[in-house]
Amino acid sequence: HYPLRRQRQMCIRDRFQRACARVVVTPLATRCWLALAQALALRIGCALVGAPGSGKAGHALELGALAGAFVVLAPCSAATDARALGAVLRGVAHGACWLVLDELHALRPAVLAACAQLIASLLGALRAHAALAAPGVPSAHQFVDGHAISVHSADLAVCATVGGARDAAALPASVRAHMRIIALAAPDRAFVCGARLAAAGFAHAAVLGRRVDATLLLCADSFGPLAVGDYGMRACDTAIRTAVEPVSYTHLTLPTKRIV
C-alpha cells in the first residue's frame with residue numbers, strides 16, 4: 001500500500017478481495033504503482049509499454065485490487081469498433097470502475113482517433129466532477145458521442161497496455177496527449193519465481209526459482225521465438241502453478257525435488 005499512501009488524493013474503497021494470488025512486490029512494481037497513482041491523482045490516463053509478459057496488465061489490475069476498485073479488462077483488436085469502446089467507457093463512468101485497454105495499439109487508425117476523443121471526454125468529465133464542491137454527489141455530463149453520463153466518483157483510472165516502444169511511437173499524438181507513458185523493463189524472473197515458491201511452502205525456493213529462470217532461458221535459446229506465446233512471465237506462471245498444485249490441492253507431503 002506504499003504507493004497509495006504517497007498519493008493521499010486516491011480513494012481507498014472497501015471492495016472485498018478474496019484470498020487469491022497477488023503480484024510479487026519488486027522495485028519495478030513499486031515504481032510502476034507510484035507512476036500510476038500519480039497519473040490517477042492528476043486525472044490523466046496511463047499507457048504501460050513493455051515486452052510481452054512484462055506484467056503490464058497485471059500491475060494495473062493489482063493496483064486496482066489494492067485500491068478496492070472493480071477493474072474492467074477490455075481486450076482491443078482490429079475487430080473492435082468505436083461504438084463498442086464508447087459503450088465500455090460510458091459503463092466505466094456509470095459504475096465508477098477502473099478500465100484497462102489491453103493492446104491498445106492493435107486498434108485500427110480510425111478507431112484510435114475516435115478512442116482519443118472518447119478518453120478525452122471521460123477525463124474531462126472526471127476533472128469537472130472533482131472540481132465540484134460536493135464530489136460525493138453524482139454529476140451529469142455530456143459524452144462526446146451524444147450520450148449523457150452520470151459520474152459518481154472521480155477516482156477512476158484509464159490505463160492502456162502497448163506492446164513495445166515501436167508500437168507506442170506509432171500511436172497518434174491525440175492518444176499520447178491524454179496518456180502518461182510508463183515503460184516497464186523485464187522483471188527479475190528468478191526473484192519472482194523464488195518468492196512465489198516460498199509463499200507455497202518450498203524449503204529451497206530461491207534455488208528452485210533460479211533453476212526455473214535458467215530453464216526458461218535455455219528453452220528460449222534452444223527453440224527460438226514461439227508462434228503463440230513466449231518464454232516470459234506467462235511461461236513462468238504456468239511452471240509455478242504446475243509445481244504448487246500438488247501441494248495446494250492434494251495436501252501431500254512430497255519432497256521439493258520430486259514435485260518440481
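Numbers for residues simply follow the sequence, beginning at 1.
Atom CD1 of I182 and atom NE2 of H59 lie 10.5 Å apart (nearest 0.5 Å). Atom-to-atom distance recorded for C159:SG and L99:CG is 8.0 Å, nearest 0.5 angstrom.
Partners of A190 under the side chain to side chain contact (heavy atoms under 4.5 Å, CB included) rule, at least two apart in sequence or in another chain, are D188, R210, D213. Taking the side chain to side chain contact (heavy atoms under 4.5 Å, CB included) definition, one finds that V71 meets it with L61, W98, V100, sequence neighbours left out.
By the criterion of side-chain heavy atoms lying less than 4.5 angstrom apart, applied directly or through intervening Ile, Leu, Val, Met, Phe, Trp or Tyr residues, L217 is not grouped with V192; the two fall into different hydrophobic clusters. V207 and F202 fall into different hydrophobic clusters, defined by Ile, Leu, Val, Met, Phe, Trp and Tyr side-chain heavy atoms under 4.5 Å apart, directly or through other members. Connection of V212 to L218 is not established within any shared hydrophobic cluster, with ILVMFWY side chains joined at heavy-atom distances below 4.5 Å, either directly or through further cluster members.
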Name the atoms and distances for all side-chain donor-acceptor pairs under 3.5 Å in residues 112-126, with sequence neighbours left out.
unit_1: S121; atom_1: OG; unit_2: V144; atom_2: N; d: 3.3

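In this structure the side chain of P187 never reaches within 4.5 angstrom of the side chain of T26, judged on heavy atoms. Side-chain atoms of L107 and L85, non-hydrogen and from C-beta on, do get closer than 4.5 Å to each other. Looking only at side-chain heavy atoms (C-beta outward), T242 and T238 come within less than 4.5 Å of each other. Proximity of R127 to I44: side-chain heavy atoms (C-beta onward) are separated by under 4.5 Å at one or more points.
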Under the side chain to side chain contact (heavy atoms under 4.5 Å, CB included) rule, what do I240 and C193 come out as? Steps first, then yes or no, please. CA-CA 7 Å; I240 297 302; C193 291; 4.1 Å; yes
